[in-house]
Amino acid sequence: EVMEWNTLINAWRAGAKDPTTRGASSTNSSYFSQDPFTALIRHVDSGLVPPRRSGPGRAMIVAAVIPARFGSERLPGKPLADIAGKPMIVHVLERVGLARGVSRTVVATDDERIVRAVREAGGEAVMTPADCVSGSDRCARAALQLGPVDVVVNVQGDEPLISPGAIEELIAGFADP
């Protein structure tokens with residue numbers, strides 16, 4: 001049985017019992033002591049959500065997820081800010097696309113304007129709830145929509161000059177020895 005993400009996030013917010021205990025009375029505060037993305041990783045590690053495993057002769061599947069929120073308090077609409085004739089999010093998408101080893105790049109957003117800009121540039125975007133508390137939360141919610149992957153890389157949506165090499169170095173750390 002796969003635990004619903006909303007169950008995990010709501011339990012994390014409320015400081016509730018570890019949902020993997022299925023009704024046990026003890027509270028596992030360490031389970032929810034980290035952000036929701038860490039809780040999701042722990043949940044995957046528990047075996048309730050089986051990750052896709054790499055193996056001999058099979059390439060690792062890496063998804064780069066770029067969280068992008070339109071409603072920034074400091075700079076509303078920041079992902080769509082024009083930089084040299086293109087929205088900032090498109091610059092990030094293009095830079096990530098240059099990284100070797102990334103199988104799929106997805107922008108995770110709560111705004112149709114961002115989805116439209118990404119798709120017009122030939123990219124992929126998924127909608128996530130507006131109530132995501134962080135970029136990591138938005139990334140985790142999007143990751144649940146991707147299907148089997150080996151690694152999910154969270155690339156910040158406001159880094160239009162991100163080095164593809166930095167992403168490649170990160171991915172290399174997950175390769176089989």
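Residues Gln156 and Ile66 are not in side-chain contact: their nearest non-hydrogen atoms beyond the backbone lie 4.5 Å or more apart. Residues Glu124 and Val118 form no side-chain contact, since every pair of their non-hydrogen atoms from C-beta on lies 4.5 Å or further apart. Looking only at side-chain heavy atoms (C-beta outward), Met127 and Glu112 come within less than 4.5 Å of each other.
Residue Phe70 is grouped with residue Val107 when hydrophobic side chains (ILVMFWY) are merged at heavy-atom distances under 4.5 angstrom, including chains of intermediate members. Both Val149 and Val106 belong to a single network of hydrophobic side chains, linked directly or stepwise wherever heavy atoms of I, L, V, M, F, W or Y lie under 4.5 Å apart. Both Val92 and Leu170 sit in one connected hydrophobic cluster of ILVMFWY residues. Membership requires side-chain heavy atoms under 4.5 Å apart, directly or through other members. Residues Ile162 and Ile171 are members of one and the same hydrophobic cluster, defined by side-chain heavy-atom contacts under 4.5 angstrom among Ile, Leu, Val, Met, Phe, Trp and Tyr. Criterion: ILVMFWY side-chain heavy atoms under 4.5 Å apart, direct or through other members. Under it, Met60 and Val102 are part of a common hydrophobic cluster.
In this structure a side-chain-to-backbone donor-acceptor pair under 3.5 Å is missing from Arg69 to Gly135. Between the side chain of Arg138 and the main chain of Pro129, a donor-acceptor pair closer than 3.5 Å is present. Judged purely by atom type and a 3.5 angstrom limit, Arg104 uses its side chain to pair as donor or acceptor with the backbone of Leu146. Of the possible polar contacts, one joining the Thr109 side chain to the Ala68 backbone as a donor-acceptor pair under 3.5 Å is found. Side-chain atoms of Thr128 do not come within 3.5 Å of backbone N or O of Ala142 as any donor-acceptor pair.
Checked for salt-bridge contact, Lys78 and Asp158 meet the test: a charged N lies under 4.0 Å from a carboxylate O. In summary, Asp82 and Lys86 do not engage in a salt bridge, as defined by a charged side-chain N under 4.0 Å from a carboxylate O.
Taking both residues in full, the closest heavy atoms of Pro160 and Ile83 are given as CG-CD1, 4.0 Å, listed atom of the first, atom of the second, then distance.
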